[in-house]
Each structure stands twice: as C-alpha cells, then as structure tokens.
Amino acid sequence: IIDKVFDPYFSTKEEKNGTGLGLYMSAIIIEKHLGGSIHVCSDSDGTIFSLSIPINYTKDMTYVF
C-alpha cells in the first residue's frame, strides 16, 4: 500500500473515519506549489516521511511561514 499513500481518496481508515485526502494534498502543496518533494519508506521499525523544500524557492512567494 506504500505506493498508494499519496493517491487521492486512498485511506487505511474505516470508511467513515478518513477521506484519503491529507497526504495527497500535502504532496500537491509541497511538489507543485513549493517546488519540493515528499517521499515515504517503511520497514519493520516503522514508516518515515521525508520532505525536501528548497530554501530559495521563488515561483510563488505568497506563502508565509
């Protein structure tokens, strides 16, 4: 299932408890609006999400952090 976690409407929760949009929207914001990347890997110890966002990104500086 790790290959599908960024797909829209994918959820591991019961039908009423999840929309499956959270990780999808996170990926869209990071990749398309901030010029970064998001990756996931998993092993027997757990799951790791890695985010990479450029410091000098200038495409759309309307985001305030």
Side-chain angles (χ1 to χ4, degrees):
I1 67 170
I2 199 164
D3 296 331
K4 297 180 180 182
V5 296
F6 298 112
D7 290 353
Y9 307 110
F10 176 79
S11 179
T12 59
K13 297 179 181 178
E14 292 183 23
E15 189 174 321
K16 293 182 179 181
N17 293 328
T19 62
L21 290 176
L23 288 174
Y24 170 73
M25 291 304 299
S26 298
I28 294 296
I29 291 167
I30 291 166
E31 293 172 356
K32 305 226 184 255
H33 297 283
L34 297 176
S37 61
I38 183 170
H39 300 281
V40 62
C41 64
S42 185
D43 62 20
S44 60
D45 293 327
T47 304
I48 298 171
F49 287 86
S50 302
L51 308 175
S52 176
I53 300 171
I55 292 173
N56 295 325
Y57 187 70
T58 59
K59 179 181 175 188
D60 182 3
M61 299 301 287
T62 60
Y63 297 98
V64 178
F65 297 97

Open item on the list: Can you confirm whether I48 is buried at CD1, in the sense that more than 12 heavy atoms of other residues, nucleotides or ligands lie under 6.0 Å from that atom?
Closed with: no

- [ ] Could you state whether I53 and M25 fall into the same hydrophobic cluster, counting links through intermediate Ile, Leu, Val, Met, Phe, Trp or Tyr residues with side-chain heavy atoms under 4.5 angstrom apart?
- [x] no

Task: hydrophobic_cluster_shared for L21 and L23, side chain cutoff 4.5 Å - done: no

Task: Spacing of CD1 belonging to I29 relative to CG belonging to L51, to within rounding of 0.5 Å - done: 11.5 Å

Open item on the list: Show the nearest heavy-atom pair for residues D43 and D45, with the distance to one decimal.
Closed with: OD1-N, 2.8 Å

Open item on the list: Taking Y24 as the starting point, is it possible to reach L34 by hopping between hydrophobic residues whose side chains are less than 4.5 Å apart?
Closed with: no

TODO: For V5 and F10, work out which heavy atoms get closest and say how close.
DONE: CA-CD2, 3.8 Å

- [ ] Measure the OG1-CD1 distance between T12 and I1 for me, rounded to the nearest 0.5 Å.
- [x] 6.0 Å

- [ ] Could you grab the distance from atom OH of Y9 to atom OG1 of T19, nearest 0.5 Å is fine?
- [x] 8.5 Å

